[in-house]
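Shown next, in structure tokens, is the structure this report addresses.
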Amino acid sequence: MLRLMMRRVLIVLCLIMVIATTNLFPASKGYAAALTVTSSGTNIIINTGSGLVYTIDQYGNLTSAKMNCIELNGSKASQINSGVAGTVSWNLLNSGSTVLITVANDSFTHYYVSRAGENIIYMADNIVTSYGEFRYIFRGDSSILTNMPAESNNNGTTGAIESQDVFGYADGHTTSKYYGNDQAKDLSIRGVTGNGVGVFMAYGNREKSSGGPFFRDIQTQGAELYNYMYSGHEQTEAMRLGLHGPYAYIFTTGETPSYPNLSWMSSLNLQGWVSDSTRGRVILNGLNGRVSGYPYTIGFANSNAQYWYTPSASGGTSMYGIIPGTYTMTVYKGELAVYTENVTVNAGSPTTLNTRTITGDPSATSAIWRIGNWDGTPNEFLNGLTISHRHPSDSRNLSWSPVSYTVGSVASMFPAIQFRGKNSPTTVNFSLNATHAAASHVLKIGITTALYNGRPSVTINGHGLTNPGPSSQPDSRSFTIGTYRGNNTTFSWTIPSSYLVNGTNTLTITPISGSSDLSPWLSAGWVYDCVELAN
């Protein structure tokens, strides 16, 4: 009780000092409204006039961020990557109500921007050189910001169980910065809070990020808040150069803020900014061939930019704000590409597309049997929904023992992941009548990603089928770091009638690879999308 009273007294005294400082020491480059900027030669101190006071050092790092006099930044500076030095300069704009801080070097220019009366630090990065990883990290003080997403809060761990970034606990559950992250298409607001304080990230424009609408990357680790512009975490695309963002860190008294308006930053003349007047749009009049019960997404991508949109109930969609160029337009059923074409977008005028018909949905082909759905996800399978939330070894998961699956059983009995070192082989039992057994059929195994060049070795009634080559996949741990999203691939085999019998047939699936396994979990394998025997 005494500590709480002392803290409140200190906060009141601090607020009095802030008000006095605002009146006595106006900004060295001008002063308007409640915004003040003080430059000490090595530090720039910004007071937004409504509770937020933060400091940028001579290298461009955020070394302090106080909300109502409570320090929210931890012992390490908040920064790009792990700290990249640049030349720091600042200017007051809009009659002194806006401060623009520029951190520039030969590889990128980072911007900090704040406005009077707002507890927000707006940011953007114009990147001109490729990086293996590019991110901004707010390194929050975990003793103050104590309310953190549980899946990435590593407090209380008994130690790392994989590569010093996935952690285990006495009860067998797991946490990691890789778990609980949103797909790119769902990025909005996420934050950490404490007693009367909060810091939130508004993720902003993703047109220059990589990986498409379903890509996941690190958002939080304890009290740290990340915005990843690019990483190699199961990355399916190269880094895009240009202006990443804008995005924003929002400081509150603990409440979740509404999403801020970022469009006003078009007036700041940031390097790499593409104005609305030079962008184009696409009008799609309709989309035929959709299957009810599945979400659909329309994506646009080239080496310069990426976008995604949700079609209307009729399939017609107006897609705005696209940088001019020629794009691959992809229609996704779930996360599976079922239609593609090239579309050219022009500045200032719409590109109109007549109604398109989906032509590449594998579920449109009849099958004798099908395990799961052709949707580019393992969600319907055993432990499929937990991949993005926990390590496969997590005690909350159902057992990963080898499975003997009978066609017609519920899909949740079939494994989402095939590990060579943990749950192989998977056996599939199915029945054929005399007519089906007398004909050849095509077996298809669809995957969403693979590890260590893992691909299926298949035996039907003791007859081995030709082993396929590996699929093209990102070089990453993939499904142990919270993602199944790689490159969707379908392996196909023609099974001759001589391999089939009238009655019960047995199929076994085992991973093969030219690589060695590191553990039962880091072993050659893949994530399933669907398995079927076609007519």
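The figures here come from the full heavy-atom set of this structure, side chains too, leaving out hydrogens, waters and symmetry mates. Keep in mind it's a predicted model, so treat the numbers as computed, not measured.
For D475, the CG atom sits in a loose shell: 12 or fewer heavy atoms of surrounding residues, nucleotides or ligands are nearer than 6.0 Å.
Below 30°, between 30° and 60°, or above 60°: for Y249 and F138 the angle between ring planes is between 30° and 60°, a tilted geometry. Ring-plane geometry between F414 and F381 is classed as tilted, the angle between the planes lying from 30 to 60 degrees on a 0 to 90 degree scale. Classified by interplanar angle (parallel below 30°, tilted 30° to 60°, perpendicular above 60°), the ring pair Y131/F134 is perpendicular. Between H391 and W521, the angle of the ring planes goes over 60°, which puts this pair in the perpendicular group of the 30/60° scheme. By the 30° and 60° cut-offs, the orientation of the rings of F214 relative to Y332 is perpendicular. Ring pair W526/Y528 is perpendicular by interplanar angle, where above 60° counts as perpendicular and below 30° as parallel.
Between K333 and D375 there is no salt bridge, since no side-chain N of the basic residue sits under 4.0 Å from a carboxylate O of the acidic one. For E234 and R485, the salt-bridge test fails: no basic side-chain N is under 4.0 Å from an acidic carboxylate O. Salt-bridge check for R477 with D165: passed, with a basic side-chain N closer than 4.0 Å to an acidic carboxylate O.
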List the steps, then state whether ring-ring contact (aromatic ring centres under 6.0 Å, His included) holds for H244 with Y230.
CA-CA 10 Å; H244 288 247; Y230 183 79; 8.5 Å; no

Please determine whether side-chain hydrogen bond (donor to acceptor under 3.5 Å, both in side chains) holds for the pair R135 and Y226, giving the CA-CA distance in whole Å, both sets of side-chain angles, and the decisive distance to 0.1 Å.
CA-CA 7 Å; R135 63 194 176 176; Y226 293 71; 4.9 Å; no

Please step through ring-ring contact (aromatic ring centres under 6.0 Å, His included) for the pair F419 and F479, ending with a clear verdict.
CA-CA 10 Å; F419 299 95; F479 36 82; 5.6 Å; yes

Full working for side-chain hydrogen bond (donor to acceptor under 3.5 Å, both in side chains) between N205 and Y247
CA-CA 7 Å; N205 189 344; Y247 53 101; over 6 Å; no

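In this structure the side chain of R356 never reaches within 4.5 angstrom of the side chain of I298, judged on heavy atoms.
In this structure, the separation between OG on S152 and CZ on F167 is 11.5 Å, given to the nearest 0.5 Å. Taking CD1 from I460 and NE2 from H463, the interatomic distance works out to 8.5 Å, rounded to the nearest 0.5 Å. Expressed to the nearest 0.5 Å, how far OG of S497 lies from CD1 of I495 amounts to 11.0 Å.
No side-chain donor-acceptor contact under 3.5 Å links S401 and N423. Neither side chain, S412 nor E380, offers a donor N or O lying under 3.5 Å from an acceptor on the other.
A side-chain contact (heavy atoms from CB on, under 4.5 Å) with N379 holds for exactly one of D529, L385, I387, N373; it is L385.
The nearest pair of heavy atoms linking P149 to V192 is CD-CG1, 4.0 Å.
The aromatic ring centroids of F215 and H233 lie 6.0 Å or more from each other.
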